Amino acid sequence: MATTTAERRMIKLAMSAPYLERDEEQALAQAWKNNQDQEARNRIAMAHMRLVVSMAGKFRNFGLPLSDLVQEGYIGLLEAAARFEPERQVRFSTYASWWIRASIQDYVLRNWSIVRGGTSSAQKALFFNLRRLRARLARGDTRLTAEAMHQEIAAAIGVSTADVRTMDARLSSSDISLQAPISPNEGEGASRIDLLASEAPLPDEQAEGSIDGERRHLWLYSALGELNEREMKIIRARRLAENGATLEELGVLLGISKERVRQIENRALEKLKAVLVSKTTDFAYA
């Protein structure tokens with residue numbers, strides 16, 4: 001990927017920033033932490049811009065502009081500066097490297113593809129290390145099959161072989177818009193979205209389902225008319241309510257035992273079944 005004039009200027013500026021000695025770095029970090037000295041924080045950040053540029057360059061193979069990667073890395077650098085604890089006696093560059101890398105990786109994952117990938121630590125490790133591991137395995141044994149290579153990578157990273165195959169396919173091809181026109185040989189003026197099959201029912205199936213639903217409603221309404229008042233009350237409370245009542249609740253309500261409620265319910269269900277069987281044929285041809 002060619003380096004633009006703006007990117008070269010940015011790299012030159014980062015490389016020209018003065019290094020900080022340990023004592024100076026500690027003093028600036030203390031000034032920022034204790035007094036919220038913005039100038040101290042900015043000096044720490046500028047002194048480590050070369051670290052941001054260096055780390056951003058490692059992610060250029062993902063096809064994103066270097067300037068954007070550096071910008072995201074700088075955000076991670078500022079986050080590191082805000083969280084740095086100088087009393088731990090650790091050099092800032094060691095601490096900041098993690099934040100810079102994490103910020104750049106998150107940016108790559110968000111923008112490399114419009115299809116969102118896995119966000120677990122194992123999936124991220126697979127995304128960023130698959131190409132490197134595949135190249136190393138290919139150099140070590142040229143006779144290694146693709147499936148064997150996927151198994152080796154899955155074992156190294158701690159994911160399933162299916163995940164490796166899926167990620168390998170994603171990294172081997174770019175996104176294609178569904179609105180993109182297909183080849184003129186495949187159809188005049190058509191786009192890829194026209195070739196997608198809908199999972200919705202066909203119009204005749206929808207009409208058939210609607211008609212059948214109305215018929216079932218009529219059958220059930222007619223059958224319920226054959227029940228007496230107590231049978232109707234039990235069936236409505238037990239079978240037609242959203243939260244069906246228990247046998248014990250109905251027994252208390254009707255002043256009978258729950259066993260008697262069960263007997264009446266079973267008798268009502270048998271009556272409904274008999275009525276529906278006798279009337280179904282008539283309604284089907286109505």
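Just so you know, these numbers come straight off a predicted model, no measurement behind them.
- Using a 4.0 Å cut-off between charged side-chain N and carboxylate O, E79 and R83 make a salt bridge.
- No donor-acceptor pair closer than 3.5 Å links the side chain of N35 to the backbone N or O of D37.
- Between R88 and E85 there is a salt bridge, with a side-chain nitrogen of the basic residue lying less than 4.0 Å from a carboxylate oxygen of the acidic one.
- To the nearest 0.5 Å, the span separating CG on L20 from CD1 on I44 amounts to 7.0 Å.
- In the displayed structure, E21 atom CD is contacted under 6.0 Å by at most 12 heavy atoms of other residues, nucleotides or ligands.
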Checking side-chain contact (heavy atoms from CB on, under 4.5 Å) for the pair E270/N266: CA distance, chi angles, key distance, verdict? CA-CA 6 Å; E270 289 295 328; N266 289 339; 5.6 Å; no
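- The existence of a salt bridge linking E25 and R91 is confirmed by a sub-4.0 Å separation between a basic side-chain nitrogen and an acidic carboxylate oxygen.
- The shortest side-chain heavy-atom distance between I235 and L269 falls under the 4.5 Å cut-off.
- Between the OG atom of S103 and the CD atom of Q71 there is a distance of 9.5 Å, given to the nearest 0.5 Å.
- In this structure, K271 and E226 approach most closely via the heavy-atom pair CD-O, 3.6 Å.
- How far CD of Q36 is from CG of N34: 9.0 Å, rounded to the nearest 0.5 Å.
- When the side-chain hydrogen bond (donor to acceptor under 3.5 Å, both in side chains) test is applied to R236, no partner is found at least two apart in sequence or on another chain.
- E231 has its side chain out of reach of E265: every pair of non-hydrogen atoms, C-beta onward, lies at least 4.5 Å apart.
- Environment of CD in E259: crowded, with over 12 heavy atoms of neighbouring residues, nucleotides or ligands closer than 6.0 Å.
- A donor-acceptor contact shorter than 3.5 Å links the side chain of S97 to the backbone of S93.
- F84 places none of its side-chain heavy atoms less than 4.5 Å from the side chain of K33.
- Atom OH of Y74 and atom CD1 of I100 lie 11.0 Å apart (nearest 0.5 Å).
- Cation-pi check for R22 over F92 is not met; the charged atom does not lie both under 6.0 angstrom from the ring centroid and within 45 degrees of its normal.
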Run the side-chain contact (heavy atoms from CB on, under 4.5 Å) check on R41 and L78 step by step: do they pass? CA-CA 8 Å; R41 188 198 67 171; L78 293 179; 4.3 Å; yes
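- I75 is not connected to V53 by any chain of hydrophobic side-chain contacts under 4.5 Å among Ile, Leu, Val, Met, Phe, Trp and Tyr, and they are in different clusters.
- Contact check for V108 versus E72: no side-chain heavy atoms found under the 4.5 Å cut-off.
- Under the ring-ring contact (aromatic ring centres under 6.0 Å, His included) criterion, Y107 pairs with no residue, sequence neighbours left out.
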What verdict does the salt bridge (Lys or Arg N to Asp or Glu O under 4.0 Å) test give for K258 and E248, after you've listed the backbone C-alpha separation in whole Å, the side-chain angles of each residue and the deciding distance to 0.1 Å? CA-CA 5 Å; K258 63 179 183 180; E248 188 173 0; 5.1 Å; no
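- The two residues L69 and A56 come nearest to each other via the heavy atoms CD1-O, 3.5 Å.
- To the nearest 0.5 Å, the span separating CD on Q105 from NZ on K58 amounts to 11.0 Å.
- Membership of the apolar cluster around L250 extends to I234, L247, L253, L254, I256, V261, I264, as traced through chained side-chain contacts below 4.5 Å between ILVMFWY residues.
- With hydrogens and angles ignored, the 3.5 Å screen pairs a side-chain donor or acceptor of W32 with a backbone N or O of A81.
- Within the 4.5 Å cutoff, side-chain heavy atoms of L77 are placed close to those of M49.
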